**Student:** 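The structure under discussion is supplied below as structure tokens; questions concerning it will follow.
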Number of protein chains: 2
Amino acid sequence: MTSQNKPSLPVIKRLPRYYRYLGEMEKEGIVKVSSSELAQVMGTTASQVRQDFNCFGGFGQQGIGYNVKLLREELGKLIFARQPIPTILIGAGNLGHAMANYLVEDKRGFELQGAFDVKPEMIGLTLCGVLIRDMGELGAFCAEHNPRVAVICVPRDSAKKVARQLIDLGIRAFWNFSHYDFSIDYPDVVVENVHLSDSLSTLSYEVNNN
Amino acid sequence: MTSQNKPSLPVIKRLPRYYRYLGEMEKEGIVKVSSSELAQVMGTTASQVRQDFNCFGGFGQQGIGYNVKLLREELGKLIFARQPIPTILIGAGNLGHAMANYLVEDKRGFELQGAFDVKPEMIGLTLCGVLIRDMGELGAFCAEHNPRVAVICVPRDSAKKVARQLIDLGIRAFWNFSHYDFSIDYPDVVVENVHLSDSLSTLSYEVNNN
DNA sequence: TCGTCACTGTTAATGCGTTGACAATCTGCC
DNA sequence: GGCAGATTGTCAACGCATTAACAGTGACGA
């Protein structure tokens, strides 16, 4: 029950996976789980599982294990805010469409408020239930709706300019698919980077060297 | 010039970024770069840069630095095969469409041969220049074209079955967007995982705890 | 030709995440 | 009520990645 030191990034990155596996277990009607059972599905050690949960104060019962439902609830409280985070999408191309799907699926985490693009032929269409607006309307929209997260699905060249604009409008968290590195200009913003082309290159390397 | 021990995963994951930044430098006409300059754009230390390149034998000249063009070529040789890797896409939904774009953009690394889906309304359409085929044709197609990489853009439930099928057809490398964990059933295949929903959850956590 | 400067290659030190070990604690049975 | 078995919480040991330090080497100028 004692709370520990701040969780490190590797721990945080594992939380969603714990949450996911616990969800599956709950669906299967499993009530109780031990650290070693969790370790097995996670592909790690029981020690790490216990260490991880201990960062947040330890949700288990000695001699017994962890209650699946309770543990999942606790992790959910850590991961999700009370209300879904109001979010906008910048760049409604193919990638933007796909990512909008992930956003609206994640009902507890995020709420897609609007989408923006520069291409005239996109404006006015809807995307996962929200209107695609012209980038020119971004300022007014943010003033009215106060989004807290922006998803960046624009090419690299426009990314820097768009980033500046969004920061100026008060957004401090980004799901970033561009190659623009936020941390250089804005060290304090929260950024989750997904570099798909780098991921592909890594795969290419591994295929070549195996 | 001496070749060193095998590069670790963190090193490999940095290679695409080096390659990318060197490409930008080359485009700007920069001829020579030092480890400390590279460290700055990479957001790391000069020591790490030199250490990284040393895994592969050190591409620099003592007293001088690194030749941008040469270094990029050497990294290119490490990352890419002589011929683009023949690749198929499984699941031609929104995500599949977006990822097909990344594939065909990466001309040196991959060559998209075909796409497959189960939905009848998708069959016969084209995607980045290739035909979308019925999953039933997968076996015959692989026998004829011998793809070496598969991109998995199907829902989790189908992922396990599809994985089995592809493994049986001789494919040993995957760009995996599903939550199915290849490493459990097939420890020896090459898998580059991209877990977008986990990435979103991580972002949610960070927004909540900052 | 020699010395200085710049910068890499390489080895050593540091730090952090993972793994191992053990004490503490709960359940259930005798 | 006490003991055996199971399992967590926690502290220590280990290993690996990052960082630091320094020797080695080439270019350039006096």
Side-chain angles (χ1 to χ4, degrees), chain A residues 1-18 22 25 30-75 78 183 202 205, chain B residues 1-18 22 25 30-75 78 183 202 205:
Chain A
M1 259 301 193
T2 57
S3 59
Q4 293 282 111
N5 42 346
K6 286 274 163 66
S8 61
L9 195 60
V11 176
I12 293 167
K13 295 261 177 199
R14 281 193 289 271
L15 291 185
R17 294 184 55 216
Y18 285 122
L22 287 165
M25 289 175 185
I30 298 170
V31 173
K32 174 228 132 185
V33 68
S34 70
S35 58
S36 51
E37 289 169 321
L38 263 174
Q40 196 168 11
V41 294
M42 288 284 292
T44 180
T45 62
S47 212
Q48 179 166 84
V49 172
R50 294 201 296 276
Q51 191 94 311
D52 283 355
F53 295 156
N54 227 41
C55 293
F56 307 100
F59 306 120
Q61 235 183 328
Q62 279 179 339
I64 307 296
Y66 300 89
N67 178 300
V68 172
K69 189 161 181 287
L70 184 91
L71 177 56
R72 190 172 126 96
E73 276 170 14
E74 291 298 327
L75 294 184
L78 286 168
S183 63
T202 304
Y205 175 91
Chain B
M1 260 298 195
T2 58
S3 59
Q4 294 281 110
N5 44 345
K6 286 274 163 66
S8 61
L9 196 60
V11 176
I12 293 168
K13 296 260 178 200
R14 280 192 289 272
L15 291 184
R17 294 184 56 216
Y18 285 123
L22 286 166
M25 289 175 184
I30 298 170
V31 173
K32 174 228 130 186
V33 68
S34 70
S35 57
S36 52
E37 288 168 321
L38 263 174
Q40 195 167 9
V41 294
M42 289 284 292
T44 179
T45 62
S47 212
Q48 180 167 83
V49 173
R50 293 200 297 275
Q51 190 94 312
D52 283 355
F53 294 157
N54 229 37
C55 294
F56 307 101
F59 307 118
Q61 234 184 328
Q62 279 180 338
I64 307 296
Y66 300 89
N67 178 300
V68 172
K69 190 161 180 288
L70 184 89
L71 178 55
R72 190 172 126 97
E73 275 171 13
E74 291 299 326
L75 295 184
L78 285 169
S183 63
T202 304
Y205 176 91

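Values in this document were obtained by computation on a predicted structure and should not be read as measured data. Below, each value reflects all heavy atoms present in this structure, side chains not excepted, and no hydrogens, waters or symmetry copies. Numbered from 1 within each chain, the chains take letters A, B, ... in sequence-line order.
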**Student:** Figure out the CG/P separation between A/D52 and C/dT18, and round it to whole Å.
**Tutor:** 7 Å
**Student:** Take the angle between the ring planes of B/F53 and B/F59 and call it parallel below 30°, perpendicular above 60°, tilted in between.
**Tutor:**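 Ring orientation of B/F53 relative to B/F59: tilted.
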**Student:** Just how far, in rounded Å, is P of C/dC16 from CG of A/L9?
**Tutor:** 14 Å
**Student:** So, the side chain of B/R14 versus the backbone of B/D52: is there a donor-acceptor pair under 3.5 Å, distance only?
**Tutor:**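 Not confirmed, B/R14 side chain does not pair with B/D52 backbone.
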**Student:** For A/N54 and D/dT7, what is the distance between atoms CG and C1' respectively, to the nearest whole Å?
**Tutor:**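 In whole Å, D/dT7 C1' and A/N54 CG are 13 Å from each other.
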**Student:** Would you mind telling me which residue lines up with the more 5' stretch of DNA chain C, A/P10 or B/G60, judged by nearest nucleotide?
**Tutor:**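 The residue closer to the strand's 5' end, by nearest nucleotide, is B/G60.
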**Student:** Does a side-chain heavy-atom distance below 4.5 Å link B/M25 with B/V33?
**Tutor:** yes
**Student:** Identify which nucleotide among D/dT8, D/dT19, C/dG17 has an atom closest to any side-chain atom of B/T44, counting heavy atoms from C-beta outward.
**Tutor:**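 The closest nucleotide is D/dT19.
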**Student:** Locate the shortest heavy-atom distance separating B/P7 from A/Y205; write the atom from each residue and the value.
**Tutor:**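 In this case the closest contact between B/P7 and A/Y205 is CG-OH, 3.3 Å.
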**Student:** To the side chain of A/R14, which of D/dT19, C/dC7, C/dT18 is closest?
**Tutor:**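 Nucleotide nearest to A/R14's side chain: C/dT18.
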**Student:** When you check every protein heavy atom under 4.0 Å of nucleotides 20-27 of chain D, what one-letter string (B, S, -) results, 5' to 3'?
**Tutor:** BB--BBSS
**Student:** Considering every strand and a 4.0 Å limit on heavy-atom distances, what is the contact class for A/Y66: base, sugar-phosphate, or nothing?
**Tutor:** sugar-phosphate
**Student:** Is it true that the side chains of A/S34 and A/S36 contain a donor and an acceptor less than 3.5 Å apart?
**Tutor:** yes
